[in-house]
Amino acid sequence: MTSISKGLILDRRSLIAGASALGIAGLMGRPALAQETPVRGGVFVMGIGGGSTTDDFDLRKLTDWVPVNQAYMVMNGLVEIDKDNVAQPELFESWTAAEGAVEWTFKVRQGVTFHNGKTLTADDIIYSLNIHRGETTSAAVSVAAAFKDVAKVSDSEVKITLESGNADLPYVLSDYHFLVVPDGFQAWSNPIGTGPFTLESFEPGVRARFVRNESYWKPGCANVDAVEVIVINDIAARTNALMSGQVHAINRVDFKTVDLLSQAPNLQIVRSAGGQHFTFLMDCTQAPFQDNNVRMAIKHAINRDQLLQTALLGNGRLGNDHPIPSTDRFYHSELAQRPYDPEKAKYYLKQAGLDSLKVTLSSSDAAFPGAVDAASVFRTAASAAGIEVEVKREPTDGYWDNVWMKAPFCMSFWGGRPTADQMLTIAYQSASAQNDTRWANEEFDKLLVEARALLDENRRREIYWRLQELISNEGGAMIPMFGDYIDASSTKVKGVQPHPMFNLMGARMAEKVWLEA
Amino acid sequence: MTRLVLVRLGWGLLTLWFVSVLVFAGTEILPGDVAAAILGQNATPESLAALRDALGLDAPAVQRYFGWLASFIQGDLGQSLTNRQPVADLLWPRFWNTMALAAYAAAVSLPLAVTLGICTAVWRNSFFDRAANVVALGTVSLPEYFLGLLLILLLSVHTGLLPSLADTHDGMGLLAWLKATTLPMIVLTLVTVAQVMRMTRTAVLAVMDQPYIEMNYLKGLPNSRVVLCHAVPNAAAPIINVVAFNIAYLITGVVLVEAVFNYNGLGRFMVDAVSKRDLPMVQGAAMVFAAAYILLNMLADFGAIALNPRLRHPRISES
């Protein structure tokens, strides 16, 4: 048995590079405050966009921001990703993996009780994992398909056997679908968990109120007496509510107003540099993109700096045609940044036997806000390289069903994944159902599986670097930029930090923050 | 009169049915369906097929439509496809929210508009007449959301007088409710005043030019009595018409205002429903909107007929 928690301490050291990158992207314009002691009390009001009348707490359906944030108020995960992108124990207290990373044993945290008084045991955790396995409509079904067996060793131990080795299993288990409810729980509109708050009232898609769980187990958390969530989907209404002081914190700030908001003396802007990235997808099985020379021509025909400034107003980082963010511990820091080079693009076109190229780019703001503008920026830049781009504006509705993975050249995005392996597996492994460029590379597939089961960090790094080179130089995705998640909150809210996963402190803001006395 | 009401009701029901067909067809034509909307980017062909099967989306469109119609006629709005809650439970509280906001706005805007209309007619071409017209036309020319944002900036962000979110919930007091909804009320008032005011002015003026009004003046009646007792009752029919029209607008046309102020009404409900392709919810909301519109137009017609003897007794005028 190899101790993974020891491995994680080593990771921390290797993470210094990543952590400093996070620091830069952290609280903007304000010196990081020294650790203050949390103060108890107050009602924390959040204005969150991304909720609907049809929301409930069904863990299998969690996709949008409001239900995810609310679920984390009531329930706990198995593993928590901390602000430095490292897996920390939550309801799983510790873990060990056998060599090959196929068999894992997890210790269940002891002395934790659900809101209904029941004590947490292995059965609850097994039930909560099993709702995502087998015949289910769970959004996490593909992630959970990697679990061959989830078995109870004792009341305080769970053994997970994987289909094939995965050294990142604790990271995989940090997925926000894997929250824990009592064994056999079904009443999704009236959730019971072990989390920092209990649900007091709930009007789906409108508002919800939570009160503190007085016997919460996590130290230094659940500082506010109550949390109110007001669902505000309209971005202007959300911003107004923060500015007029009706809410303490909002998510998904409009890039166009970030600069203005940061000048307000009583507001703080939080940038979370995560793995969210935007893609121009070339289907490697459709003409003209079967030829890697054409793909390389496209990759050289975009002005990434300009795009970052235009589409995201600088609120992000340049992409290098692979999906691993600079915050990931396996990020290839020595891969040269691909420049905008029309001459080189022309060279690649010539290699493909073409003088000029005409392509149709399917675009829609469903891919990401500003995608249509981004397409126009690309069209201008590409024309200098002899590539004529026709931008086809697709309807937002049904974009994922009718355009994505159907049109030969379209725009899309990926949210960040906790591990490099997950990101590469879901979008680039040739057998994946969501391999949205239909790229198939034998070496890539083989190395990906090999790296997954390795417990040796250095060897893994070598492989992941190679995989990033492969995608960058041969893959079908042109990835010009990564976008930050931007939140804003009142300066009365303390303990606010950026998070490498998503906004609102990885959807755990309510649990962590406190209000100025 | 009874026969007329029945015939009108019949036409109203037919219109309602026609609307339900249009809405159903429209939702069918839109790309994507509820299964794709629930699963989003996570959808795989297998999970899509499983969910479609579970929701009964595989049945032919015509069969699904008549299934819905059969239960609708029995008063059952069905279940939401996304979260399996009864549509009625989700819909009615929001309907009453919309009605409450519409009633608040109507209670302020309509008396104000009619009074202004009569006053501008009485003092026609005065400074007051021109000023009222310019202001009313100015506010009606600005889009609702822009007016809303402008008022939020002035009354909420800069001065903090009123909240920018119309954040209402069960159990809040009437005063708190009025405070929360005052900003949207003002916006709705500003966009509806102009039409009613102008219509009232025109209608009263048209009557004022008639010989019997001149006769009243010659009898020596005071101006106020001529206008209020002799002119306005005869100008009532077009005024009632435009008032009913505006009430219908207040109920059905508040989607933008609800979005700007984050008000939990039927408009937002319908936007949610359409984006999820949740057909029973879309149909439920559309039926309520259409019914409100048809009913208010019908009432306007009845009102106009009741007030006009020539329309009340059509056969006499024909002979």
Side-chain angles (χ1 to χ4, degrees), chain A residues 45 47 51-56 58 61 63-64 135-143 188-189 201 203-207 209 228 230-234 236-247 264 366 394-405 412-415 432-434 436, chain B residues 30-48 50-51 54 80-85 90-91 93-94 145 148-149 152-153 155-158 160 162-171 258-264 268-269 271-278 281:
Chain A
V45 188
S52 153
T53 319
T54 52
D55 288 342
D56 58 14
D58 189 338
K61 288 193 317 203
T63 45
D64 219 338
E135 283 290 305
T136 170
T137 52
S138 169
V141 69
S142 54
V143 184
W188 298 116
S189 48
S201 65
E203 264 187 85
V206 183
R207 58 190 295 122
R209 191 182 154 92
E228 282 181 16
I230 304 178
V231 180
I232 316 177
N233 288 331
D234 186 74
R238 207 156 59 233
T239 315
N240 288 330
L242 180 71
M243 285 171 55
S244 63
Q246 266 188 294
V247 299
E394 305 276 0
T396 312
D397 291 322
Y399 186 78
W400 302 114
D401 210 21
N402 301 325
V403 179
W404 182 62
M405 295 198 68
S412 177
F413 87 105
W414 281 101
S432 165
Q434 285 159 299
D436 53 13
Chain B
L30 283 177
D33 66 1
V34 62
I38 292 174
L39 294 171
Q41 211 187 354
N42 292 314
T44 60
E46 298 81 46
S47 60
L48 268 179
L51 192 58
S80 153
L81 295 177
T82 333
N83 66 351
R84 300 263 137 212
Q85 299 283 317
L90 298 168
L91 189 141
R94 291 173 171 81
Y145 64 88
L149 291 176
I152 287 175
L153 188 67
L155 298 178
S156 193
V157 174
H158 282 329
L162 291 166
S164 73
L165 291 183
D167 181 29
T168 59
H169 52 89
D170 282 347
E258 283 180 9
V260 171
F261 294 99
N262 205 47
Y263 186 70
N264 177 31
R268 225 177 85 180
F269 173 87
V271 171
D272 266 8
V274 173
S275 64
K276 285 264 157 65
R277 300 284 178 283
D278 199 323
M281 279 172 59

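Lettering follows sequence order; numbering is per chain, from 1.
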Structural part of [X] lying under 4.5 Å from a heavy atom of chain B:
{"X": "Glu135(A)", "answer": "neither"}
{"X": "Ala241(A)", "answer": "both"}
{"X": "Asn240(A)", "answer": "both"}

Worksheet item: Where on Ser156(B) is there a heavy atom nearer than 4.5 Å to chain A: the side chain, the backbone, both, or neither?
Response: both

Worksheet item: Given that the side chain runs from C-beta out, which part of Leu153(B) has a heavy atom under 4.5 Å from chain A: side chain, backbone, both or neither?
Response: neither

Backbone of [Y] reached by a side-chain donor or acceptor of [X] within 3.5 Å:
{"X": "Asn233(A)", "Y": "Gly51(A)", "result": "yes"}
{"X": "Gln246(A)", "Y": "Ser164(B)", "result": "yes"}
{"X": "Arg268(B)", "Y": "Gly205(A)", "result": "yes"}

Worksheet item: Any idea which of Val274(B), Ile152(B), Asp278(B) has the most non-hydrogen atom pairs under 4.5 angstrom with chain A?
Response: Ile152(B)

Worksheet item: Quick one: side chain to side chain contact (heavy atoms under 4.5 Å, CB included) partners of Asp167(B), sequence neighbours excluded?
Response: Arg207(A), Ile230(A), Leu165(B)

Practice prompt. With sequence neighbours left out, write down each residue that passes side-chain hydrogen bond (donor to acceptor under 3.5 Å, both in side chains) with Ser138(A), or none if nothing qualifies.
Written response: His132(A)

Worksheet item: Tell me, do Thr53(A) and Met281(B) make a side-chain contact under 4.5 Å, heavy atoms counted?
Response: yes

Worksheet, complete the sentence: Most heavy-atom pairs under 4.5 Å with chain B, out of Lys61(A), Met243(A), Met405(A), Arg238(A), belong to Lys61(A)

Item to complete: Name the option with the most non-hydrogen atom pairs under 4.5 Å to chain B; the candidates are Ala237(A), Ser52(A), Gly47(A).
Response: Ser52(A)

